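Here the structure is a predicted model, which is why all the values come from computation and not from measurement.
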Amino acid sequence: MTDPTTPTRVAAVGATSTRDRLLDTAAQLFYEQGVHIGVDMLCRAAGVSKRSMYQLFDSKDDLVAASLLERTAHDYQAALLPAEDDERPPRTRILHVFERLEALEQQHEFRGCPFVAAAVQVKSPEHPASLVAPWQKDKLTRSSNRKPNVAAQPTRPS
């Protein structure tokens, strides 16, 4: 069984859009090797040119953030969070997250939280990927509190 937090949707060239191939490949490589992999390696693995990458994303930094938000977030949340209709008390829902983390840790492919890893690797609080980690943490917190206010995706500070 594959790790549900590891993106496995890397498709064959031509099977998906260039943007989708880039996002899928980026999510997988950033999780496996870190966000500091080179653009050449990333583009080669995705089967796209650097020119195409920069036409789709302003920078590699923006690609890092987009891959976390658009690819990794959904899989990670699905692997950890209780079902939307889970009516158990907040404490039980919080414990569910830790139980899932404990189960995932046993899998060879599990390398920890991709959001924390990215935030630690980029170091700069202004980096687009640094904004994604607190957004993900807030989402996990809201799932245990069941507050109806759903925060928007992160934006750069003014």
Side-chain angles (χ1 to χ4, degrees), residues 1-82 84 97-98 100-101 104-105 107-145 147-158:
M1 180 175 164
T2 60
D3 177 357
T5 63
T6 303
T8 56
R9 294 178 278 202
V10 177
V13 175
T16 58
S17 73
T18 300
R19 187 175 194 282
D20 286 337
R21 285 197 323 270
L22 257 173
L23 287 170
D24 290 341
T25 303
Q28 182 173 352
L29 291 178
F30 293 153
Y31 185 69
E32 291 174 354
Q33 300 179 27
V35 299
H36 295 296
I37 64 166
V39 170
D40 288 332
M41 179 183 185
L42 174 64
C43 290
R44 189 172 32 258
V48 302
S49 68
K50 285 196 295 188
R51 179 179 180 203
S52 293
M53 187 195 96
Y54 286 114
Q55 286 175 334
L56 293 165
F57 300 95
D58 291 337
S59 66
K60 180 184 158 200
D61 294 348
D62 288 335
L63 175 58
V64 172
S67 72
L68 287 169
L69 282 173
E70 296 180 36
R71 294 301 189 265
T72 306
H74 179 275
D75 291 342
Y76 198 67
Q77 291 160 14
L80 293 180
L81 297 179
E84 288 287 327
V97 172
F98 287 99
R100 291 297 305 138
L101 281 169
L104 290 171
E105 194 274 329
Q107 297 178 9
H108 177 68
E109 299 91 10
F110 186 66
R111 292 176 172 84
C113 177
F115 304 97
V116 172
V120 167
Q121 291 171 32
V122 298
K123 295 178 180 64
S124 169
E126 291 83 30
H127 190 287
S130 291
L131 300 172
V132 178
W135 174 80
Q136 178 66 16
K137 178 183 171 191
D138 291 344
K139 188 159 185 125
L140 287 171
T141 302
R142 280 192 314 277
S143 77
S144 64
N145 293 333
K147 293 184 179 179
N149 183 10
V150 177
Q153 290 189 355
T155 56
R156 290 185 181 207
S158 303

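Between Ser130 and Ser124, the shortest heavy-atom distance links the atoms OG-O, 2.6 Å. Closest heavy-atom contact between His36 and Val122: NE2-N, 4.4 Å.
Using a 4.5 Å heavy-atom threshold, the side chains of Leu23 and Leu63 count as touching.
Looking at residues two or more places apart in sequence or on another chain, you find a side chain to side chain contact (heavy atoms under 4.5 Å, CB included) between Ala65 and Pro128, Val132. For Asp40, the salt bridge (charged side-chain N to carboxylate O under 4.0 Å, His left out) partners are Lys50, not counting sequence neighbours.
No donor-acceptor pair under 3.5 Å is formed between the side chain of Thr25 and the backbone N or O of Leu22. Side-chain N or O atoms of Arg21 include none that pairs as donor or acceptor with a backbone N or O of Val48 at under 3.5 Å. With Lys60 contributing its side chain and Met53 its backbone, the two residues share no donor-acceptor pair below 3.5 Å. In this structure, the side chain of Thr72 does not engage the main chain of Ala27 through any donor-acceptor pair within 3.5 Å.
To the nearest 0.5 Å, the span separating CZ on Arg51 from CG on Leu56 amounts to 11.5 Å. Between the CZ atom in Phe30 and the CG atom in Leu68 there is a gap of 8.0 Å [rounded to 0.5 Å]. Taking CD of Gln121 as the reference point, atom CD1 of Ile37 lies at 10.0 Å (rounded to 0.5 Å). Rounding to the nearest 0.5 angstrom, the gap separating the CG atom in Leu69 from the CG atom in Asp62 is 11.0 Å.
Counting only residues at least two apart or on different chains, no ring pair (Phe, Tyr, Trp, His ring centres under 6.0 Å) pair has a member in residues 39-61.
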